[in-house]
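These notes concern the structure reproduced below.
Residue numbers begin at 1 in each chain, while the letters A, B, ... track the order of the sequences. It should be emphasised that the depicted structure is a prediction, and the values quoted were computed from it without experimental measurement.
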2 protein chains.
Amino acid sequence: MDTTQLLKGVLDLAVLAVLDDEDGYGYDVVRRLRAAGLDDVADASVYGTLRRLFAAGHLTSYVLPSVEGPHRKYYGLNASGRAELESSTKTWSGFADTMAALLAARKEVAA
Amino acid sequence: MDTTQLLKGVLDLAVLAVLDDEDGYGYDVVRRLRAAGLDDVADASVYGTLRRLFAAGHLTSYVLPSVEGPHRKYYGLNASGRAELESSTKTWSGFADTMAALLAARKEVAA
DNA sequence: CACAGTACTGCTCATTGCGCAGTAGTGCAC
DNA sequence: GTGCACTACTGCGCAATGAGCAGTACTGTG
């Protein structure tokens, strides 16, 4: 199975969760996601997701200079983003439970 | 959040799980998935997935007549399919755990 | 015979993550 | 001081996959 397909639709949620922790900029969000265990996320995917979430009105954005490279575009959750995070978390949990039940049901039969 | 995006990559796994239970034909697999809680799966998606899994060599196929409609194309897991089910289940579980941890970490901070 | 229910196929589209190239700033090695 | 590594972001085009929708076809019922 391909992990990149599993990310579909979930990357939004992961990015929102990471940003809820603390505002962050793209490059940093990538690192935090990788540290969390999502080893395979590509940077372009994260930048794209950030842009999409921002366009959807879930994020605020501000640019700060950096001493160790080019400027950084920080993103943070606004009310809409927190609401989205909340509802997406529920959707995801429900979905994960459904899948877990489906897979467990199979094992019971096999046992 | 859109559940159809969450299905990406997972529908294969769900179909394999359902078929591991018992051989089935497309129309029936759709019903079983819906009964399991995956309400939004479209029939075309399932038929497409079955064809893909068959093309990938994970399924066997045989056609049986039916008394209540057109013939039915049954699918069943072969060794390759069961191996795929096994490994995909692990991949999915690991991924789900990672996401759960990411979301839980957020809540701890928020608390 | 029209129509609903069953069962499958094929075409096209939308979404979304990825690969890759390009731009640009800072600092270090040589 | 030129090249190179690291930081940081953008944009273009591609691939995978689920969905929408139309079409085909068989059975049974009114």
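Side-chain atoms of A:Ser88 do not come within 3.5 Å of backbone N or O of A:Leu13 as any donor-acceptor pair. A donor-acceptor pair under 3.5 Å is absent between the side-chain atoms of B:Asp2 and the main chain of A:Gly9, judged by distance alone.
Using a 4.5 Å cut-off between side-chain heavy atoms of Ile, Leu, Val, Met, Phe, Trp and Tyr, with links allowed through other members, A:Tyr25 and A:Leu77 fall into different hydrophobic clusters.
Extent of DNA chain C lying under 4.0 Å from chain B heavy atoms, first and last nucleotide in 5' to 3' order, is C:dT6 to C:dT16.
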Original post:
Can you give one letter per nucleotide of nucleotides 15-23 of chain D, going 5' to 3': B for a protein heavy atom under 4.0 Å from the base, S for sugar-phosphate only, - for none?
Top reply: -SBSBBB--
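Considering only residues two or more places apart in sequence or on other chains, B:Asp28 meets the salt bridge (Lys or Arg N to Asp or Glu O under 4.0 Å) condition with B:Arg32.
Separating the OG1 atom in A:Thr89 from the CG atom in B:Leu102 is a distance of 10.0 Å, to the nearest 0.5 Å.
Between A:Tyr47 and the phosphate of D:dT10, there is no side-chain N or O to OP1/OP2 separation shorter than 4.0 Å.
B:Leu16 and B:Glu84 make their closest contact through CD1-CG, 3.7 Å (heavy atoms, listed as atom of the first residue, atom of the second, distance).
Distance A:Tyr27 OH to D:dA5 P: 13 Å, rounded to the nearest Å. The distance between atom CZ of A:Phe54 and atom P of D:dC9, rounded to the nearest whole Å, is 14 Å.
Within a heavy-atom distance below 4.0 Å of DNA chain D, the residues of residues 57-78 of chain B found are B:Val67, B:Gly69, B:Pro70.
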Subject >> Pair A:Arg34-A:Arg31, side chain to side chain contact (heavy atoms under 4.5 Å, CB included): steps then yes or no >> reply: CA-CA 5 Å; A:Arg34 296 228 173 103; A:Arg31 275 193 296 235; 5.7 Å; no
**OP:** For side chain to side chain contact (heavy atoms under 4.5 Å, CB included), just list the numbers for B:Tyr74 and B:Val63, CA-CA rounded to whole Å, side-chain angles, deciding distance to a tenth of an Å, and then say yes or no.
**Re:** CA-CA 6 Å; B:Tyr74 281 81; B:Val63 174; over 6 Å; no
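Think of A:Val67 as one node in a network of Ile, Leu, Val, Met, Phe, Trp and Tyr side chains linked at under 4.5 Å; it has no links at all.
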Anything under 3.5 Å between a donor and an acceptor, one on a side chain of residues 38-56 of chain B, the other on a protein residue two or more places apart or in another chain? List them.
from    : atom 1 : to      : atom 2 : distance (Å)
B:Asp40 : OD2    : B:Thr3  : OG1    : 2.9
B:Tyr47 : OH     : B:Tyr27 : N      : 3.3
B:Thr49 : OG1    : B:Ser45 : O      : 2.8

